[in-house]
Amino acid sequence: MLEFLRGIGESVGGWLYVIAGGLAFAEAAVMVGVVLPGETALLVAGFAAHEGIIALVPMIVVAVVCAVAGDSVGYEVGRLVGPRLQASRVGRLVGEHRWQATEDFLRRHGGEAVLLGRGTALLRALVPGMAGMARMPYLRTFLPWNAVGGILWGGGCVLLGYVFALSLETVARYLAWGPIPVVVLVAGVLIWREARRRK
């Protein structure tokens, strides 16, 4: 697994900044986060940072900026397209009461809903657009909570990949030498039993 992940990082090199950042951005910006692996890309980028393929701090900055920008674009898309979507055939299938319930939820919980939306792929893709549709105040409410969520999610995913690589390396090191004490112990028990049997 270490070699596989190292191979991915080495094959794309510096392009990993662009790929991981682009996927983190697109996850919320185009409202299809369920099918875009932004989180996975940031984890792989964190692993690559541990391996020295890319630098850790710039990757964290790219991840945070792209996450915040993606949600902001998702908000704007929801604000501009929302009314037409609600009036469309798909919007009518969703139902007026569901649209209203979503808007009421966002008004009640405000920025906390934006922050919590970062936690799962589906909500990460939908909450920014729904906040735009609900006309949540951008500068006063959406942007500050979006920034906090972007820092926690973007930075957290990269650091998690980094720590994962560190722990994999530790496990690999112990697995390489770990069997030796077990083999010595088993050999010692067998020699001791053989010596007792001969006595």
Partners of Ala134 by side-chain contact (heavy atoms from CB on, under 4.5 Å), sequence neighbours excluded?
Glu103, Leu106
If hydrophobic residues (ILVMFWY) are linked whenever their side-chain heavy atoms come closer than 4.5 Å, directly or via other members, who joins Leu43 in its cluster?
Leu160
Quick one: list whatever passes ring pair (Phe, Tyr, Trp, His ring centres under 6.0 Å) with Tyr162, sequence neighbours left out.
His50
For residues Ala41 and Leu23, report the shortest heavy-atom separation together with the two atoms involved.
CB-CD1, 3.7 Å
If I compare all heavy atoms of Gly150 with all of Ala67, which pair ends up nearest, and what's the gap?
CA-CB, 4.1 Å
Count I, L, V, M, F, W, Y as connected when their side-chain heavy atoms are under 4.5 Å apart, and connections chain through other members. Are Trp15 and Leu42 then in the same cluster?
yes
If hydrophobic clusters are built from ILVMFWY residues whose side chains come within less than 4.5 Å, do Leu139 and Val68 share one?
yes
Residue set satisfying side-chain hydrogen bond (donor to acceptor under 3.5 Å, both in side chains) with Ser72, at least two apart, ordered chain then number -> Tyr138, Asn146
To the nearest 0.5 Å, tell me how far Cys157 SG sits from Met59 CE.
10.0 Å
Taking all non-hydrogen atoms of both residues into account, name the closest pair between Ala49 and Ala55 and its distance.
CB-C, 4.3 Å
Minimum heavy-atom distance between Ala45 and Ala20, given as atom pair plus value
CB-CB, 4.1 Å
Going by the rule side-chain contact (heavy atoms from CB on, under 4.5 Å), which residues pair with Ile60 if we only count those two or more places apart in sequence or in a different chain?
Leu56, Val64, Val158, Leu159
Where at least one partner belongs to residues 56-78, residue pairs that pass salt bridge (charged side-chain N to carboxylate O under 4.0 Å, His left out), sequence neighbours excluded
Asp71-Arg118, Glu76-Arg79
Does any pair with a residue in residues 150-159 pass side chain to side chain donor-acceptor pair (under 3.5 Å), and if so which ones, sequence neighbours excluded?
Glu39-Trp153
Taking side-chain contact (heavy atoms from CB on, under 4.5 Å) as the definition, give me every residue that meets it alongside Leu152, ordered by chain and number, with sequence neighbours left out.
Leu115, Val148
For Pro144, check side-chain contact (heavy atoms from CB on, under 4.5 Å) against everything at least two apart and list the hits.
none
Which pairs pass salt bridge (charged side-chain N to carboxylate O under 4.0 Å, His left out) with one or both residues in residues 125-134, sequence neighbours excluded?
none
Within the distance-only criterion (no hydrogens, no angle test), does the side chain of Tyr75 pair as donor or acceptor with the backbone N or O of Leu143 below 3.5 angstrom?
no
Is Phe142 reachable from Leu116 through a run of I, L, V, M, F, W or Y residues, each pair having side-chain heavy atoms under 4.5 Å apart?
no
Shortest non-hydrogen contact between Phe47 and Ala165, atoms and distance:
CD1-CB, 3.2 Å
